[in-house]
Undergrad: 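Sharing a structure with you now.
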Amino acid sequence: MISVFGSLVGEEEIKAVADVMRSQWMGFGSKVAEFERMYQEKFDIPNFALVDSGSNALFLAVKLLDLPVGSKVIVPSFTWVSCAQAVLLAGCVPVFCDVDLHTMNISAETIREAWQNDIAAIMVVHYAGLPAEMDEIKEFGVPVIEDAAHAVNSTYKGKACGIIGDIGIFSYDAVKNLTVGEGGGIASCNPDIIERAKRLRYCGIGKSGFENAGESANNKWWEYNISEPFIKMLPTNIAAAIGIEQLKKIDSLQIYRKQIWEYYTDKLSGIQQIILPKEPGDDATHSYFTYCIRAESRDQLAKFLLDKGIYTTLRYHPLHLNKLYGQMGIDLPNSQRLNMDALSLPLHPRLTDTDLAQITESILDFYRY
Ligand SMILES: Cc1ncc(COP(=O)(O)O)c(C=O)c1O
């Protein structure tokens, strides 16, 4: 089966993990600090903290805005559940917003349609890695959280996605452009926000775990201040060690993702029943996380490909269509349309030339080209 998402780890990651295990310090420690330094340098991010998942980073980001309980936060409907869950868990209310059909991102226009007087913040998702139009979104004048889970390596007007709004998050789960197994990141241009994030990720404790014992034991290691209540979302040295090796390879991984993207565009552009994903403008770069087409007879196409051993998927089932959020009655036509015709084709660094040829030939075959 050709999988739709995937990562590529090699002997370097295996050795790095083995080295951490031999060091007997597998939890939070110096590898995390090393990864954070490298990540900041690579993407020119002034303040950054690694946490244990992108979903937790989203929750942390909403908490860091200190919004009063019950505050309304605009969230795209066409996104992963963690976006709405983070808002709810932080005591706020998601207000679902439609996306633009071509970019699959929220835009000034779709935000205006969802706008209410008391909107306290906006959560933006750079869907598939295509940067949203951040300048116009920032003009609404409320804090902006950027979900850059797909957008590691995407830039907007020369800046890394994730540091254009007030707080940004990344995901490094097993299928993302840069994987640490499971992990996430949080970034901001404001150093106080990330300094606080680093306390919160360790139950609100000011000292980090490895300062208390083990790697660099200090005097009175048993003492610490707890600044505010929070849960634990510490990353591990094991995850960070994988991330360090992935960071060294990220440029070549990205080049291959771009080649796959261009191959699909070249082979599929003549098919009238398919709309290809939007390319970035001159002021943006794409991370090529997923190649999401819009296809006539989408479900039949997906089944046809599955029968040929090619797995495809839809990311994501619109959130407002989920009973849990109690907003099933609202009409978000573009998200609903994408729910019926969007399809992510396989895009990851383990795909071979043979896989790619098989995928595109099968699609051509389905539409009888
Ligand atoms: C848009 C978006 N936000 C957040 C997340 C959550 O990231 P994680 O899987 O690291 O928790 C994902 C994961 O797929 C995602 O796609």
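Predicted model, so just to flag it, every value in this text is computed and none were measured.
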Undergrad: Are any of the side-chain nitrogens in Glu41 or Arg37 under 4.0 Å away from the carboxylate oxygens of its partner?
TA: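 Between Arg37 and Glu41 there is no salt bridge, as every charged N stays at least 4.0 Å from the carboxylate O atoms.
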Undergrad: Could you list who else is in Leu253's hydrophobic cluster, with ILVMFWY side chains joined at under 4.5 Å, directly or through other members?
TA: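 Leu253 shares its hydrophobic cluster with Leu8.
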Undergrad: Are Lys42 and Asp251 close enough for a salt bridge, meaning some N to O gap below 4.0 Å?
TA: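 Salt bridge present between Lys42 and Asp251.
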Undergrad: A cation-pi test, strictly: NZ or CZ of Arg315 under 6.0 Å from the centre of the six-membered ring of Phe289 and no more than 45 degrees from its axis. Yes or no?
TA: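 Checked: cation-pi criterion not met.
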Undergrad: Work out which heavy atom in Leu305 is nearest to a heavy atom in Ile359; give both atom names and the distance.
TA: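 Heavy atoms only, the tightest pair is CD2-O, 4.4 Å.
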Undergrad: Restricting to non-hydrogen atoms, name the atom on Tyr172 and the atom on Gly185 that form the minimum distance, rounded to 0.1 Å.
TA: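 Closest approach of Tyr172 to Gly185: CE1-N, 3.5 Å.
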Undergrad: What is the ring orientation for His320 with Phe96, classed by angle as parallel under 30°, tilted 30 to 60°, or perpendicular over 60°?
TA: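 Correct class here is tilted.
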Undergrad: Strictly below 4.0 Å, N to O, side chains only: are Lys258 and Glu262 in salt-bridge contact?
TA: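 Answer for the salt bridge query: yes.
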Undergrad: With sequence neighbours left out, write down each residue that passes side chain to side chain donor-acceptor pair (under 3.5 Å) with Lys308, or none if nothing qualifies.
TA: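 Testing Lys308 for side chain to side chain donor-acceptor pair (under 3.5 Å), a comparison that skips the adjacent residues, returns none.
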Undergrad: Salt-bridge test for Asp299 and Lys303: reply yes if a basic N is under 4.0 Å from a carboxylate O, no otherwise.
TA: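 So Asp299 does not pair with Lys303 through a salt bridge.
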Undergrad: Is the distance from the ring center of Phe170 to that of Tyr39 below 6.0 Å?
TA: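 Phe170 vs Tyr39: aromatic centres under 6.0 Å.
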Undergrad: Looking at Asp66 and Arg196, is any side-chain nitrogen of the basic one under 4.0 Å from a carboxylate oxygen of the acidic one?
TA: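 Result for this pair is yes, salt bridge flagged.
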Undergrad: Are any of the side-chain nitrogens in Glu133 or Lys278 under 4.0 Å away from the carboxylate oxygens of its partner?
TA: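 No, no charged N to carboxylate O under 4.0 Å.
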Undergrad: Any salt bridge between Glu228 and Lys63, counting N to O under 4.0 Å?
TA: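 Salt bridge absent between Glu228 and Lys63.
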Undergrad: Is it the case that Tyr369 and Glu361 place a side-chain donor and acceptor less than 3.5 Å from each other?
TA: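 Note: Tyr369 and Glu361 side chains miss the donor-acceptor criterion.
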Undergrad: Do Phe304 and Tyr367 have ring centres separated by under 6.0 Å?
TA: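 Not under 6.0 Å, so no.
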